[in-house]
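Shown next, in structure tokens, is the structure this report addresses.
Letters A, B, ... are given to chains in the order of the sequence lines, protein chains preceding strands, and every chain is numbered from 1.
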Amino acid sequence: MGSNRSDKIFFIIISVLVVIFLISIGPNRVFNGTLSTTREVYYWMERVASSPLNLTRKIWNNYIYLVDTRQENENLKQELAELRIQCRHVKEIEEENKRLRSMLEFKKASYTFKLYPASVLGQDISMIFKTLVLNRGTSDGFFKDMPIVNMNGVVGRVISVSPHTSEVLLITDPNSAIPALIKTIKTKGIVRGRGDGLLNLEYIRSSEKVNAGDEVVTSGLLDIFPRGLRLGYVLTVKKDRREMFAKIILKPAVSMQRIEDVFGIGKADNKNN
Amino acid sequence: MSSESERLTIRIIKIGCLFVSVVIIETSVFPDIANLVRIDLFLGLILGMVITIPFGTASILVIVLSFLLQAFSGASMGSLPFIYLITFLGLTAAKNVVYLENIVSQIFLGGLSYILGIVLARLFTPIYVSPPFIASVLASSLLTGIATPLVVYMVRILWRQDEA
């Protein structure tokens with residue numbers, strides 16, 4: 001009797017296994033809504049768990065740590081004055097740049113982007129896949145396919161979003177592919193994640209002159225990433241006369257090991273001058 | 001009968017709490033300490049369930065929890081539950097051959113399951129197997145093996161706490 005029941009359970013598990021396998025080889029993220037809810041629950045639990053620590057940090061930062069504030073204030077005032085002078089200088093350069101552009105009749109759309117700051121809540125549980133969970137979601141202006149960057153370059157793009165969290169697919173993930181451009185020679189290709197922390201630059205002809213250290217930026221195709229964001233630098237180039245395309249490996253511009261704060265890039269306001 | 005089902009519910013909630021701890025440690029704590037290695041504590045949870053929990057209940061828990069884990073990974077939908085369910089069935093089969101209560105066999109099976117999981121994951125995603133990647137997989141499997149008996153012990157304690 002017991003063995004019969006066990007056989008039935010085993011049969012059900014095998015059936016579930018087959019169904020799961022069929023789902024997994026189909027289009028990704030069929031149950032996105034359910035997963036977002038899971039992350040949303042995780043977000044609130046993390047907030048509750050970290051609130052005592054945040055309170056302690058607040059007390060420390062706002063009261064105990066302010067002992068040397070006066071001196072720091074003086075230093076900051078001086079620094080501000082210096083920065084104002086620098087800023088004026090930059091504005092002058094900007095004006096000059098504008099003048100030169102108009103002189104050359106260089107007609108180009110200028111884009112202004114709004115940046116949305118976010119912090120990393122957690123990283124991917126598996127070793128192969130490279131994703132991040134951010135503490136910002138639709139309620140903060142984040143949306144699916146939003147480009148995520150930091151000061152050094154492109155981090156990835158949002159693949160799933162809930163009201164307070166977003167899941168970001170890093171450029172180093174094997175499922176990531178971004179249209180790119182080698183800055184020096186203006187040749188276009190595709191940057192694909194390898195899963196081992198490096199990137200591949202594909203579809204660059206063997207005849208192109210690519211050197212180690214060349215900067216690779218986003219090409220702006222597909223309208224997900226704006227043009228000119230830094231992706232990485234050429235690490236190695238392998239050319240084979242029998243092969244049409246060169247094998248190019250890139251080092252990402254962003255060190256993916258320690259990402260803490262990032263920015264989401266909002267939709268562009270296209271201002272044609 | 002009702003007290004029996006109540007006891008089962010409490011036990012499942014306890015395992016759920018352990019699962020939440022595992023997720024927080026794996027997504028927030030471990031990446032901060034060392035990013036190049038990933039210790040899979042969920043494998044310890046599965047082995048603990050194979051040893052302690054009846055087959056029917058354990059299999060449902062593995063399916064549900066591994067689906068929830070999917071929210072914290074970039075793996076394609078269903079691939080994580082597939083890998084963990086295969087691991088669960090493999091460990092259940094091993095139960096008849098290997099003495100799973102032994103700590104050494106738990107360490108060995110934890111490490112081996114980790115490597116097999118990576119091999120299975122390659123079915124779904126084309127990844128480049130470079131020497132540094134192999135080194136970090138081996139280091140991760142070793143650390144996962146070492147952590148496995150600890151999680152197994154916790155599952156056993158939580159499941160059998162109300163006995164006797």
Within residues 140-148 of chain B, which positions have a heavy-atom distance to chain A below 4.5 Å? B:Ser140

Determine whether the aromatic ring centres of residues B:Phe88 and B:Phe55 are separated by less than 6.0 angstrom. yes

Please flag which part of A:Leu121 lies under 4.5 Å from any non-hydrogen atom of chain B: side chain, backbone, both or neither. backbone

Of the options A:Asp214, A:Leu231, A:Val191, A:Leu181, which is the one that meets A:Leu201 in a side chain to side chain contact (heavy atoms under 4.5 Å, CB included)? A:Val191

Counting heavy-atom pairs under 4.5 Å to chain A, which of B:Arg38, B:Glu26, B:Arg122 comes out on top? B:Arg38

Would you say the side chains of A:Asn200 and A:Arg192 form a donor-acceptor pair under 3.5 Å? no

Residue among B:Asp40, B:Ile60, B:Val137, B:Thr92 with most heavy-atom pairs under 4.5 Å to chain A: B:Val137

Please determine whether the number of non-hydrogen atoms from other residues, nucleotides or ligands lying under 6.0 Å from atom NZ of A:Lys251 exceeds 12. no

Could you tell me the separation between the CZ atom of A:Phe263 and the CE atom of A:Met151, rounded to the nearest 0.5 Å? 7.0 Å

Counting only heavy atoms closer than 4.5 Å, note whether B:Leu41 contacts chain A via side chain, backbone, both or neither. neither

Nearest 0.5 angstrom please: B:Leu116 CG to B:Ile83 CD1, how far? 10.5 Å

Examine the side chains of A:Tyr42 and B:Thr27 and answer whether a donor and an acceptor come within less than 3.5 Å of each other. yes

Looking at chain A, which one of B:Val62, B:Val22, B:Val29, B:Ile118 has the largest number of heavy-atom pairs inside 4.5 Å, strictly under? B:Ile118

